[in-house]
Engineer: 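A single structure is presented below for examination.
Throughout, a chain's letter reflects where its sequence line sits, starting with A, and its residues are numbered from 1.
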2 protein chains.
Amino acid sequence: MAGRRSRAVTISDVASLAGVSIATASKALNGKDDVRAETRMRVLAAAEQLSFQPNALARGLLSGQTRTVGLLTSDSVGRFGIPVLLGAEDAFGAGEMAVMLCDARGDSIREQHHIRTLLSRRVDGLIVVGESTDPRPSISRDLPIPVVYAYAPSDCSDDVSFVPDDVDGAGLATRHLLAMGRRRIAHITGPLDYKAARDRAEGLRAALADAGLAQVGETLSGAWSQRWGRHAAEMLLMAEPEIDAVVCGSDQIAAGFIEAARERGRRVPDDVAVVGYDNWEVLSTETRPALTTVDMNLETLGRTAAQHLFAAIDGRATPGVHRMPCRLVIRDSTGPRSSQ
Amino acid sequence: MAGRRSRAVTISDVASLAGVSIATASKALNGKDDVRAETRMRVLAAAEQLSFQPNALARGLLSGQTRTVGLLTSDSVGRFGIPVLLGAEDAFGAGEMAVMLCDARGDSIREQHHIRTLLSRRVDGLIVVGESTDPRPSISRDLPIPVVYAYAPSDCSDDVSFVPDDVDGAGLATRHLLAMGRRRIAHITGPLDYKAARDRAEGLRAALADAGLAQVGETLSGAWSQRWGRHAAEMLLMAEPEIDAVVCGSDQIAAGFIEAARERGRRVPDDVAVVGYDNWEVLSTETRPALTTVDMNLETLGRTAAQHLFAAIDGRATPGVHRMPCRLVIRDSTGPRSSQ
DNA sequence: CCCGTTTCCGAAAACCTTTCAGAAGCAGCC
DNA sequence: GGCTGCTTCTGAAAGGTTTTCGGAAACGGG
């Protein structure tokens, strides 16, 4: 309240308090070696006393670098966007970067608008984070700043994109099931117009093929929801009663499957082992038994994307779609069969 | 790629292309009425042709207004922070404001650091969003810009805070149960060192008292988790078998309760009606039956906070803790008893 | 006394925009 | 012709910082 309307303190206030010129004050504050130690001390003391903060606008105007990046979420910041965003914010916060958040809500008009205002604010770079792993239109064309895509890759191969390696993620899950002695493995997943669903199905098939096995039954494709998981469980347990494991395309589906299996008297993991996907902890740790699931390391993905944006800003771009490894979180739903 | 290293186009480029002075170009672009219609056309055409974007830094340096606000999340952007953040971003996006996102991860050192850099970037105002409804330390003292607190109120009553009205929220739930003919109502909630838990318990008691009733049994306080919901359900159904409704402090607890009640053969809602809290849709729409629950309207809360920050920036502050109404979302878990 | 060197500091330019004061041109009026 | 007033435009300043360049001072060597 007190000094709310008082003019902000500038470097010239510091300079006059220290009894030097503005130029000298600037050099002292920025560690240039053109100033006597004693003078530097005086300037630093003055700055401290006035709690001087250099005006980032003036600095950016001069240097052309704002130390700010735009974070553009195409679809309303959602379940997958959040961790990516956190990771990016983390990487930037470590330096002296700031993040401007813009949410286009899936509207390309709004996206264009946000890009324009970010450009007018002279951000140094842009991270575009998507809501699914399906490729999205590139915006890099004609932009004077580097762009990095996270989670959803750009459809232009010259751009820099980071996506989770869903094929390998499903492979991890499958190989774990095989190692636990499961052989009759089925697959329930979400809508096949999601690349994530297709990649995971492919990873499962490939891992089974490597072991000389085939998937039991067709891939059951529905929604990503718990409801679909229950429904699919009923169909699957009816049609293929001999299965001993199921790989689910999401934790929600897995939670639904476990619930329905339990009600039909199938024990998890004794009769059927279950693997989820996403490691959405509110679900994966609360199912009974707790869910073995694939974690896409989204925070790491976001952090990596941010670091590569740094590099691109420094002129060291790394074009291409980079697939980031997933991690299997082993809990109880894939435990050994009880010996009984 | 093409013009990546080309200098950005400035107003003087526009001016010289249009054959006028910089001052005239500026006035033409900003709609000042000091310029002939024909000249204005020429300038606008030139700006269009060069796709000129005024440099927000220079503009901000001059005007002292950056049209940017800081959004400071004290605890890592979490379940409650997200919708608030979205609402705020929405309100700002409608104007020409931009949002700088900073996450202090619950560390007050980091918070101070972020505040300093936001100040050096000359943001026009600050929204502080918390992770619980417990009051948090004020940062408004000595800050030259207005601050609005969302979800977690400031501990200083001169500040502007927006919190959900949890007392009334629990009252809504309770009155709904009473209207459905329930009379023996119990309460399961999270840790009582959360103000949210205490407020909701109080709202329940008050609404019951208004109807001349008392709560059945003590308030069962545990974690916010599904696991605790199951455990509490077992204790409660044992100790107070005659209950006909339960108000839960969170959707997670409610989901656990429903699951456990179902396993013990209690039908929901026929035998026991259940109300949750939070309207966390991944849970509340997926329980069987779907959950009647209290929605805190967090997006509205965020949007309102942003609008009041606008007002405060314009010098029209509205001090105090503003309690925002909740909304009851009625689903099947509180349906009428079947007549059998 | 002159010159060159080193050390420290200050003046000014540059970044880009907006605004203010004022200039140029012109019409109308005494 | 001179003055006023109006319209339309321009030059310059301001905003805060960094950087470049040059100047001043001190000092030693010739």
Engineer: Could you tell me how far apart Asp33(B) (CG) and dT19(C) (P) are, to the nearest whole angstrom?
Structural biologist: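 So the two atoms are 12 Å apart, to the nearest Å.
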
Engineer: Compute the bend angle of the helix from dC1(C)-dG30(D) to dC30(C)-dG1(D) from the end axes (five pairs per end), rounded to 10°.
Structural biologist: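 Axis-to-axis angle, ends of the helix: 90°.
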
Engineer: For the pair Ser161(B) and Asp159(B), evaluate side-chain hydrogen bond (donor to acceptor under 3.5 Å, both in side chains) and give the outcome as yes or no after the intermediate values.
Structural biologist: CA-CA 6 Å; Ser161(B) 305; Asp159(B) 296 339; over 6 Å; no

Engineer: Let me check something: any side-chain donor-acceptor pairs from residues 301-312 of chain B under 3.5 Å, sequence neighbours excluded? List them with distances.
Structural biologist:
| residue | atom | partner | partner atom | Å |
| --- | --- | --- | --- | --- |
| Arg303(B) | NH1 | Asp90(B) | OD2 | 2.8 |
| Thr304(B) | OG1 | Thr300(B) | O | 2.7 |
| His308(B) | ND1 | Thr318(B) | OG1 | 3.0 |

Engineer: Between which nucleotides of DNA chain D, read 5' to 3', does contact with chain B run, using atoms under 4.0 Å from its heavy atoms?
Structural biologist: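 From 5' to 3', the first and last contacting nucleotides are dT8(D) to dG16(D).
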
Engineer: Once you round it to whole Å, what is the distance between P of dC16(C) and CD of Gln53(B)?
Structural biologist: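 These atoms are roughly 15 Å apart.
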
Engineer: Has Asp155(A) got a side-chain atom pairing as donor or acceptor with Ser138(A)'s backbone, closer than 3.5 angstrom?
Structural biologist: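 Pair found, side chain donor or acceptor close to backbone of Ser138(A).
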
Engineer: So, the side chain of Ser120(A) versus the backbone of Gln53(B): is there a donor-acceptor pair under 3.5 Å, distance only?
Structural biologist: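 Between the backbone of Gln53(B) and the side chain of Ser120(A) there is no qualifying donor-acceptor contact (under 3.5 Å).
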
Engineer: Looking only at side-chain N and O atoms, does Thr24(A) come under 4.0 Å of OP1 or OP2 in dC9(C)?
Structural biologist: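 Negative; the distance criterion is not met.
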
Engineer: Map Asn55(B) and Asp34(B) onto DNA chain C by nearest heavy atom, then report which one ends up closer to the 5' terminus.
Structural biologist: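 Closer to the 5' end of DNA chain C: Asn55(B).
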
Engineer: Base, sugar-phosphate, or nothing: which does Leu57(A) touch, judged by heavy atoms less than 4.0 Å apart?
Structural biologist: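 It contacts nothing in the nucleic acid.
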
Engineer: Using heavy atoms to find the nearest nucleotide of DNA chain D for Glu38(B) and Ala23(A) separately, return the residue whose nucleotide is more 5′.
Structural biologist: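 Checking each residue's closest nucleotide, the 5'-ward one belongs to Glu38(B).
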
Engineer: Taking atom CZ as the centre, does Arg323(A) end up with more than 12 heavy-atom neighbours from other residues, nucleotides or ligands that are less than 6.0 angstrom away?
Structural biologist: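 Counting neighbours around CZ of Arg323(A), 12 or fewer heavy atoms of other residues, nucleotides or ligands fall under 6.0 Å, so no.
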
Engineer: Does dC9(C) have its OP1 or OP2 closer than 4.0 Å to a side-chain nitrogen or oxygen of Lys27(A)?
Structural biologist: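 For dC9(C), neither OP1 nor OP2 has a side-chain N or O of Lys27(A) closer than 4.0 Å.
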
Engineer: Please work out if Thr39(B) contacts a base, only the sugar-phosphate, or nothing of the nucleic acid, heavy-atom cut-off 4.0 Å.
Structural biologist: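 If one applies the 4.0 Å heavy-atom cut-off, Thr39(B) turns out to touch the sugar-phosphate alone, with no base involved.
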
Engineer: Round to the nearest Å and state the distance from Arg121(A) atom CZ to dC16(C) atom P.
Structural biologist: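 Checked: the CZ to P distance equals 18 Å.
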
Engineer: Run the salt bridge (charged side-chain N to carboxylate O under 4.0 Å, His left out) test on Asp134(B) and Lys195(B) for me, step by step, so that the C-alpha distance in whole Å, both residues' side-chain angles and the decisive distance to 0.1 Å come before the verdict.
Structural biologist: CA-CA 5 Å; Asp134(B) 294 84; Lys195(B) 182 161 168 48; over 6 Å; no

Engineer: In whole angstrom, what separates Ile11(B)'s CD1 from dT18(C)'s C1'?
Structural biologist: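 Spelled out: CD1 on Ile11(B) to C1' on dT18(C) is 8 Å.
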
Engineer: Rounding to an integer number of Å, can you tell me how far Leu119(A) CG sits from dC16(C) P?
Structural biologist: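 To the nearest whole Å, that distance equals 15 Å.
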
Engineer: Whole-Å distance between dT17(C) P and Arg67(B) CZ?
Structural biologist: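 One finds 17 Å between P of dT17(C) and CZ of Arg67(B), rounded.
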
Engineer: A quick test of your reading: do over 12 heavy atoms of other residues, nucleotides or ligands sit less than 6.0 Å from CD of Glu48(B)?
Structural biologist: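 Counting other residues, nucleotides and ligands, CD of Glu48(B) stays at 12 neighbours or fewer.
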
Engineer: Taking side chain as C-beta onward, heavy atoms only, is Cys156(A) less than 4.5 Å from Arg141(A)?
Structural biologist: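 Cys156(A) vs Arg141(A): side chains touch.
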
Engineer: Is the shortest side-chain N/O distance from Arg36(A) to OP1 or OP2 of dT7(C) below 4.0 Å?
Structural biologist: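 For Arg36(A), the contact criterion (side-chain N or O under 4.0 Å from OP1 or OP2 of dT7(C)) is not met.
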
Engineer: Would you please confirm or rule out a distance under 4.0 Å between OP1 or OP2 of dC9(C) and any side-chain N or O of Ser21(A)?
Structural biologist: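 No, no such contact exists.
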
Engineer: Going through the checks in order, is the salt bridge (charged side-chain N to carboxylate O under 4.0 Å, His left out) test met by Arg316(A) and Asp314(A)?
Structural biologist: CA-CA 6 Å; Arg316(A) 307 190 314 278; Asp314(A) 287 349; 3.6 Å; yes

Engineer: Looking at Val14(B) and Val43(B), what are the two nearest heavy atoms and their distance?
Structural biologist: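 Between these two residues, the closest heavy atoms are CG1-O, 3.8 Å.
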
Engineer: Contact class for Ser26(A) vs. all strands (heavy atom < 4.0 Å): base, sugar-phosphate, or nothing?
Structural biologist: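 The residue Ser26(A) makes base contact.
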
Engineer: Could you state the atom-to-atom distance from CG of Leu61(A) to C1' of dA14(C) in whole Å?
Structural biologist: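 Taking atom C1' of dA14(C) as the reference, CG of Leu61(A) is at 9 Å.
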
Engineer: Touch check for Leu62(B), heavy atoms < 4.0 angstrom, all strands: base, sugar-phosphate only, or nothing?
Structural biologist: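 Answer is base: heavy atoms of Leu62(B) come under 4.0 Å of a base.
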
Engineer: In whole angstrom, what separates Met41(A)'s CE from dC8(C)'s P?
Structural biologist: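 Met41(A) atom CE is separated from dC8(C) atom P by 14 Å.
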
